[in-house]
J.: 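So that we are looking at the same thing, I have put the structure below in structure tokens.
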2 protein chains.
Amino acid sequence: MTDTIRTPVTIEEVAAVAGVSRSTVSRVVNGSTAVSPAALESVRRAIDELNYVPNRAARSLASRATMAIALVVPEDTTRFFGDPFFAAIVSGIHARVSRSDYVLNLIIASDDPHDKATAYLRSGAVDGAIIVSHHTSDSFIDRIAAAMPVVYGGRPVRERERDYYVDVDNRAGSRLATEHLLARGRRKIATIAGPLTMPGGIDRLEGFRAALDAAGLEPAGVEDGDFTSDGAVAATMRLIESGTPFDGLFIASDLMARGALVALARAGIRVPEDVSIVGYDDSPVATSVVPALTTVRQPSLQQGEQMADILLQLLAGGTPPRVTLLETTLVERESV
Amino acid sequence: MTDTIRTPVTIEEVAAVAGVSRSTVSRVVNGSTAVSPAALESVRRAIDELNYVPNRAARSLASRATMAIALVVPEDTTRFFGDPFFAAIVSGIHARVSRSDYVLNLIIASDDPHDKATAYLRSGAVDGAIIVSHHTSDSFIDRIAAAMPVVYGGRPVRERERDYYVDVDNRAGSRLATEHLLARGRRKIATIAGPLTMPGGIDRLEGFRAALDAAGLEPAGVEDGDFTSDGAVAATMRLIESGTPFDGLFIASDLMARGALVALARAGIRVPEDVSIVGYDDSPVATSVVPALTTVRQPSLQQGEQMADILLQLLAGGTPPRVTLLETTLVERESV
DNA sequence: GTGAAAGCGCTAACAT
DNA sequence: ATGTTAGCGCTTTCAC
């Protein structure tokens with residue numbers, strides 16, 4: 001029962017209690033084999049007894065490594081933390097990092113030039129970073145990438161020869177979705193897209209356009225839903241109010257599809273009778289709405305794991321693949 | 001245009017370029033007033049030119065402070081990151097910390113005795129911690145609290161005289177919700193509770209029971225919805241299948257209310273005609289479902305800001321209030 | 001106002 | 001197998 005905050009125990013004290021030198025304690029802590037069983041045992045006991053935890057600052061100053069990885073997320077926390085898609089990404093990253101010797105450190109960065117988070121990362125607080133959900137305007141990213149190995153979740157905004165990233169084949173996925181709508185006889189197809197400042201938003205819109213193009217059709221409407229549920233409610237209203245009729249709707253995320261469903265219901269438009277909709281993600285949202293969403297499944301958990309894995313390889317001095325593209329599949333439910 | 005990762009610039013190089021000693025550079029970096037305008041200027045220029053960022057490890061080793069705060073979240077990332085309630089909490093914390101000299105550092109901790117996150121925190125990586133959404137079984141918390149100042153989001157599981165926390169008056173809030181159902185003539189009232197391993201879950205159930213008790217009624221059912229949408233779908237089904245009729249439902253979070261709405265719709269039960277429901281949180285979810293939820297509003301953003309503020313006060317050597325209880329209000333919409 | 005010097009707690013040669 | 005020594009990059013007295 002500890003009632004106050006104690007001053008931390010140092011390696012020196014452990015050495016004294018164990019009756020060995022600092023070096024031997026350090027060897028034990030770092031798992032060196034060159035330690036006699038007797039010394040090992042007494043050091044272990046001393047560590048337990050004193051409740052010793054090595055000081056990170058000192059350790060990383062001397063070893064030039066922090067054994068920490070940052071997951072850098074954008075400032076619009078509400079969008080990020082409210083989307084089950086990111087929950088899966090974070091889960092995947094955390095799962096993979098847990099299996100390594102590194103700790104994960106989630107940092108909220110902003111594009112403010114005086115942003116403390118960016119300075120924090122550049123100050124040697126972590127050995128590498130994973131950057132997700134970034135916008136074209138995010139310049140802090142370059143400053144981070146100049147200081148340490150970086151892996152991107154999704155194609156980077158301006159792709160360069162040296163960028164490592166793990167993405168889902170967004171064009172193929174949205175094409176799949178749109179073709180499904182076409183195959184079911186829908187001809188007046190609109191879309192609620194993600195923001196065009198984000199690669200994922202751009203790529204999904206392209207796939208949508210390509211599929212319509214191949215069928216000799218024009219979009220019945222294109223609205224930006226901002227990857228949020230509320231944004232999609234507004235986008236759907238704009239679509240309805242525009243007066244252009246539509247009988248099919250491709251929506252670039254399940255979360256936005258939920259918003260669209262709400263707006264459609266309010267307007268008395270039935271799904272799938274009046275309009276068929278296909279979402280994207282196959283996140284938990286897809287099955288928690290009525291009607292359950294036909295959607296494009298992307299392996300988000302796996303995407304997170306891969307990103308972490310690639311960064312880990314980079315930190316270990318390996319040569320992982322620069323680009324990893326994950327496949328999507330169509331999941332048919334009740335909304336088409 | 002930097003193509004490779006450079007070796008970091010040290011204070012020594014800055015001093016050389018500026019033509020002063022390390023001490024003077026350090027004074028400038030730390031905002032000491034005792035520096036001549038000329039020296040200040042040349043140091044600033046050197047820092048800019050070299051793109052200098054002080055090494056954190058060295059700095060915190062020497063100063064015994066990290067200027068970093070941890071936000072410790074539980075391991076079930078899917079639940080945490082999928083709930084808009086937490087998005088608001090994180091937003092509030094981040095907003096307050098942004099206005100200070102500290103950086104925020106989100107850490108996922110688990111109860112595994114070998115958990116690296118706990119060791120990370122105990123190794124002096126941060127100066128203080130905010131702990132949210134913890135369970136009765138989370139023992140890692142004590143180990144963290146023994147090493148640094150801690151502020152809890154919500155009443156701690158086992159409250160002690162020295163614990164600082166910011167909570168919403170959960171009992172009053174759930175009582176408010178239940179009384180509203182009663183006032184509208186509902187008499188067979190059931191509840192979908194949060195897990196009883198979490199203070200928030202316990203307190204809201206107590207308020208619910210207290211309100212019914214005061215009216216001389218018994219609950220028409222109590223099911224654990226686990227604070228997730230899916231958990232609430234299952235809980236609602238159990239309620240329906242139990243055969244005990246109910247005409248009112250208090251649900252301990254809006255996210256769970258959404259799940260309940262789905263289950264109710266599938267069973268052909270109309271809201272609010274057949275059963276009235278009241279949620280809890282007034283998160284964005286409340287207005288993105290049909291019918292829009294009557295719910296208990298809690299100031300989540302403000303709760304986050306307060307937690308950060310109190311920790312900041314603690315770190316500054318102040319004496320903030322040990323317990324802060326935020327008020328709730330009922331927001332009437334269409335589900336009652 | 002400025003510099004010299006000591007030291008924060010640890011790792012990593014280098015001896016032995 | 002173990003101890004000694006020299007830093008890692010910074011802050012912080014202490015002189016001047």
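So you know, we letter chains A, B, ... as the sequences are listed, proteins then strands, and number each from 1. Side-chain atoms are counted along with the backbone in the values below, which use heavy atoms only and exclude waters and symmetry mates. From a predicted model like this one, the values you see are computed outputs, not experimental measurements.
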J.: Are B/Asp48 and B/Arg45 close enough for a salt bridge, meaning some N to O gap below 4.0 Å?
T.: no
J.: Closest approach of A/Ile310 and A/Pro321, non-hydrogen atoms and distance?
T.: CD1-O, 4.2 Å
J.: Rounded to the nearest 0.5 Å, how far apart are CG of B/Asn55 and OG of A/Ser60?
T.: 6.5 Å
J.: Quick one: how far along DNA chain C does chain A reach, first to last nucleotide 5' to 3', anything under 4.0 Å to a heavy atom?
T.: C/dG9 to C/dA13
J.: Residues two or more places apart in sequence or in another chain: which of them pass side chain to side chain contact (heavy atoms under 4.5 Å, CB included) with B/Arg143?
T.: B/Thr118, B/Arg122
J.: With heavy atoms under 4.0 Å as the rule, sort A/Val29 into base, sugar-phosphate or nothing.
T.: nothing
J.: Report the distance from atom CD of B/Glu41 to atom CZ of B/Arg44, rounding to the nearest 0.5 Å.
T.: 7.5 Å
J.: Can you say whether the rings of B/His134 and B/Tyr152 are parallel (under 30°), tilted (30 to 60°) or perpendicular (over 60°)?
T.: tilted
J.: After noting the C-alpha distance and the side-chain angles of A/Val126 and A/Leu121, does the key distance pass the side chain to side chain contact (heavy atoms under 4.5 Å, CB included) rule?
T.: CA-CA 6 Å; A/Val126 298; A/Leu121 294 171; 3.9 Å; yes
J.: List, with names and distances, any nitrogen or oxygen atoms from the protein found under 3.5 Å away from nitrogen or oxygen atoms belonging to nucleotides 5-9 of chain D.
T.:
from, atom 1, to, atom 2, distance (Å)
D/dA6, N6, A/Arg22, NH2, 3.1
D/dC8, O3', A/Arg64, NH2, 2.5
D/dC8, O2, A/Ala62, N, 3.3
D/dG9, OP1, A/Arg64, NH2, 2.6
D/dG9, N2, B/Ala58, O, 3.2

J.: Taking only residues two or more places apart in sequence or in another chain, which ones pass side chain to side chain contact (heavy atoms under 4.5 Å, CB included) with A/Glu13?
T.: A/Val9, A/Thr10, A/Leu50
J.: Return no unless some side-chain N or O of A/Ser36 is found under 4.0 Å from OP1 or OP2 of D/dT2.
T.: yes
J.: With heavy atoms under 4.0 Å as the rule, sort A/Thr24 into base, sugar-phosphate or nothing.
T.: sugar-phosphate
J.: Does B/Asp309 pair with B/Arg99 as a salt bridge, N-O distance under 4.0 Å?
T.: no
J.: For A/Thr24, enumerate each residue passing the side chain to side chain contact (heavy atoms under 4.5 Å, CB included) test, keeping only those at least two apart in sequence or located in another chain.
T.: A/Val20, A/Ser21, A/Arg27, A/Val35, A/Ala39, A/Val43
J.: Output the rounded distance in Å from CZ (B/Arg56) to P (D/dC10).
T.: 13 Å
J.: Using the C1' atoms of five pairs at each end, what's the angle between the two axes of the helix from C/dG1-D/dC16 to C/dT16-D/dA1, to 10 degrees?
T.: 40°
